[in-house]
Amino acid sequence: MVNITAADVNKLRQMTGAGMMDCKKALQENDGDFEKAIDYLRKKGQKLATKRADKDANEGIVLARTNEAKDYAAVFMLNCETDFVAKNQEFVDFSNLLMSKAIENLPSTIEEFKALDVNGRNVEENITEMVGKTGEKMELAHFEVIRAPRVFAYNHPGNRLATILGLNKTGAEGIDQAGHEVAMQIAAMAPVAVDKDDVPAETIAREIEIGKEQARQEGKPEEMVEKIAIGKLNKFYKESTLLNQEFVRDNKLSVGEYLRKLDKDLTVTGFKRFMLGA
């Protein structure tokens, strides 16, 4: 049996919000596998916190920006060890310089971004130099882009959370406000996909299995378990896919309905969301 330490238990507790003893049992039952332990807790009916703590990635900066043509958006996360460095003006300015280079050159991948020239050295070499200045480990954890007819970027105050999204059309009246509000919706509600069809098959299978086990834990008859699990899956779609979520500004509408009020064909082509510590 894998040795489960107090640190392991505490980490799972921070990730889920579940009780210490529940976390310890979940890890013991799943040989220390954190993802399986989380599923175990969910199957047992635990209402888990959505925050997934990762102490190694708690600090740094997340930035999002669009180009002037509004058809390219980029977002990246640059991690460091402490809040002191993350808020240091030199680190903030450095991060903004990197983003400016991205918007100037429009790289498509993190590899292309890392290879960009900044003051005669590539991005990766500049990060290494900043490590030498601060004495802290730094890592470019994420870099993603969206290309679409109309793109938007939202930076939450504090530079710990940012989103980008693309819309499939440019001319709808009120599109600028709509794009901003949907970008904020993504920040607030953390959807996992644009629509039902975009949810990975393994995620669907996982949610159905968890729904079945929850129904069994509640003592439901076996012949009802499948139906109950599908009902829970539909609830998952409504809560976790962007176009089906209740629109935060008007919960009588879904996000998809809100966009179709502006233009019957208006929809989201894709989005990215990054948050420190998640």
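Numbers here are sequence positions counted from 1. Quick caveat, the model's predicted, so the values are computed rather than measured. Computed over heavy atoms, backbone and side chain alike; hydrogens, waters and symmetry mates excluded.
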- Query: Any side-chain heavy-atom pair from D22 and Y40 closer than 4.5 angstrom?
  - Reply: no
- May I have the step-by-step check of side-chain contact (heavy atoms from CB on, under 4.5 Å) for T82 and E136, ending in yes or no? CA-CA 8 Å; T82 65; E136 288 199 2; 2.4 Å; yes
- Item | Which residues share a side chain to side chain contact (heavy atoms under 4.5 Å, CB included) with E257, sequence neighbours left out | L253, S254, R260
- Query: In terms of ring plane angle, is the pair F113 and F143 parallel, tilted or perpendicular, where the classes change at 30° and 60°?
  - Reply: parallel
- Message: Using side-chain heavy atoms (C-beta onward) and a distance below 4.5 Å, is M189 in contact with V248?
- Response: yes
- Query: Ion pair present between R216 and E213, side-chain N to carboxylate O less than 4.0 angstrom?
  - Reply: yes
- Donor-acceptor under 3.5 Å (E207 side chain, T203 main chain): no
- Query: So, the side chain of N105 versus the backbone of K101: is there a donor-acceptor pair under 3.5 Å, distance only?
  - Reply: yes
- Message: Please report the interatomic distance CG(N96) to CD1(I103), rounded to the nearest 0.5 Å.
- Response: 11.0 Å
- Derivation and outcome, side-chain contact (heavy atoms from CB on, under 4.5 Å), residues L167 and T269: CA-CA 5 Å; L167 297 179; T269 64; 5.9 Å; no
- Kindly indicate whether the side chain of D176, heavy atoms from C-beta on, has any atom under 4.5 Å from the side chain of R150. yes
- Message: More than 12 heavy atoms of other residues, nucleotides or ligands under 6.0 Å from CD of E104: yes or no?
- Response: yes
- H142 ring center near F76 ring center (under 6.0 Å): no
- For residues I208 and I230, report the shortest heavy-atom separation together with the two atoms involved. CD1-CD1, 4.2 Å
- Item | D8 side chain vs T5 backbone, donor-acceptor pair below 3.5 Å | yes
- Query: To the nearest 0.5 Å, how far apart are NE2 in H156 and CG in L276?
  - Reply: 12.0 Å
- Non-hydrogen side-chain atoms of L97 and N119 separated by less than 4.5 Å: yes
- Message: Run the side chain to side chain donor-acceptor pair (under 3.5 Å) test on Q214 and E218 for me, step by step, so that the C-alpha distance in whole Å, both residues' side-chain angles and the decisive distance to 0.1 Å come before the verdict.
- Response: CA-CA 6 Å; Q214 287 176 342; E218 293 164 4; over 6 Å; no
- Minimum side-chain heavy-atom gap V151-I164 below 4.5 Å: no
- Query: Is I175 reachable from V268 through a run of I, L, V, M, F, W or Y residues, each pair having side-chain heavy atoms under 4.5 Å apart?
  - Reply: yes
- Query: Judged by atom type as modelled, is there a donor-acceptor pair below 3.5 Å linking the side chain of Y72 to the main-chain atoms of P107?
  - Reply: yes
- Task: Dump the intermediate steps for side-chain contact (heavy atoms from CB on, under 4.5 Å) on I61 and M77, then the final yes or no.
- Result: CA-CA 6 Å; I61 192 168; M77 179 189 294; over 6 Å; no
- Message: Checking N155 against R65: is there a side-chain donor and acceptor pair closer than 3.5 Å?
- Response: no
- Item | Side chain to side chain, F94 and L78, heavy atoms closer than 4.5 Å | yes
- Message: So that I can tick it off, tell me whether R273 and E144 are bridged by a salt bridge, with the cut-off set at under 4.0 angstrom between side-chain N and carboxylate O.
- Response: no
- Message: One pair to check against side-chain contact (heavy atoms from CB on, under 4.5 Å): Q245 and K238. What are the steps and the verdict?
- Response: CA-CA 5 Å; Q245 285 181 337; K238 184 175 180 181; over 6 Å; no
- Item | Smallest separation among heavy atoms of V75 and V62, with atom names | CG2-CG1, 4.1 Å
- Task: Following the transitive rule for hydrophobic clusters with a side-chain heavy-atom cut-off under 4.5 Å over Ile, Leu, Val, Met, Phe, Trp and Tyr, establish whether Y237 and F271 coincide in one cluster.
- Result: no
- Flag, side chain of E125 to backbone of N122, donor-acceptor distance under 3.5 Å: yes
- Message: For A183, is there any backbone N or O sitting under 3.5 Å from a side-chain donor or acceptor partner on T163?
- Response: yes
- Query: Same cluster or not: are Y154 and M99 linked, directly or through other Ile, Leu, Val, Met, Phe, Trp or Tyr residues, by side-chain heavy atoms under 4.5 angstrom apart?
  - Reply: no
- Say you draw a straight line from CG of N88 to CG of D93; how long is it, rounded to the nearest 0.5 Å? 8.5 Å
- Task: Quick one: list whatever passes side chain to side chain donor-acceptor pair (under 3.5 Å) with D263, sequence neighbours left out.
- Result: K169
- Query: With a 4.0 Å cut-off, would you call K43 and D39 a salt bridge?
  - Reply: no
- Message: Is it the case that over 12 heavy atoms from other parts of the model lie below 6.0 angstrom from the CD atom of E223?
- Response: yes
- Message: Whether the side chain of E59 engages the backbone of C80 through a donor-acceptor N/O pair (distance < 3.5 Å, no angle test) should be reported.
- Response: no
- Query: Are I210 and V199 connected in the hydrophobic side-chain network, where two residues link if heavy atoms are under 4.5 Å apart?
  - Reply: no
- Query: In Å and rounded to the nearest 0.5 Å, what is the CE to CZ distance from M275 to R160?
  - Reply: 9.0 Å
- Message: Pairing donors with acceptors under 3.5 angstrom, does anything connect the side chains of E181 and Q177?
- Response: yes
- Item | Residue pairs involving residues 187-202 (criterion side-chain hydrogen bond (donor to acceptor under 3.5 Å, both in side chains); sequence neighbours excluded) | D195-N244
- Report yes or no: does N30 contribute a side-chain atom to a donor-acceptor pair with the main-chain N or O of D33 at less than 3.5 Å? no
- Drop me the distance from L41's CG to K25's NZ, to the nearest 0.5 angstrom. 10.5 Å
- Task: Locate the shortest heavy-atom distance separating L262 from A178; write the atom from each residue and the value.
- Result: CD1-CB, 3.3 Å
- Without swapping roles, check the side chain of E124 against the backbone of A115 for a donor-acceptor pair under 3.5 Å. no
- Message: What's the separation between atom CG in L161 and atom CE in M184, rounded to the nearest 0.5 Å?
- Response: 10.5 Å
- Task: State, yes or no, whether a side-chain contact exists between V182 and L242 at a heavy-atom distance under 4.5 Å.
- Result: yes
- With the 4.5 Å side-chain cut-off for hydrophobic clustering, are V85 and V92 part of the same group? yes
- Query: Hey, does the Lys NZ or Arg CZ of K70 hover above the aromatic six-ring of F152, less than 6.0 Å from the centre and inside 45° of the axis?
  - Reply: no
- Whether E29 side chain and A37 backbone form a donor-acceptor pair below 3.5 Å: no
- Task: Would you kindly say whether S108 and R147 are connected by a side-chain donor-acceptor distance under 3.5 Å?
- Result: yes
- Item | Heavy-atom pair with the smallest gap, counting every atom of G166 and A148 | CA-CB, 3.7 Å
- Task: Kindly give the heavy-atom pair with the smallest separation between V194 and G270, and that separation in Å.
- Result: CG2-CA, 3.9 Å
- Of the non-hydrogen atoms in N79 and A141, which two are nearest, and what is the gap between them? OD1-CB, 3.1 Å
- Message: With heavy-atom distances below 4.5 Å as the criterion, would you say the side chains of F34 and L12 are in contact?
- Response: yes
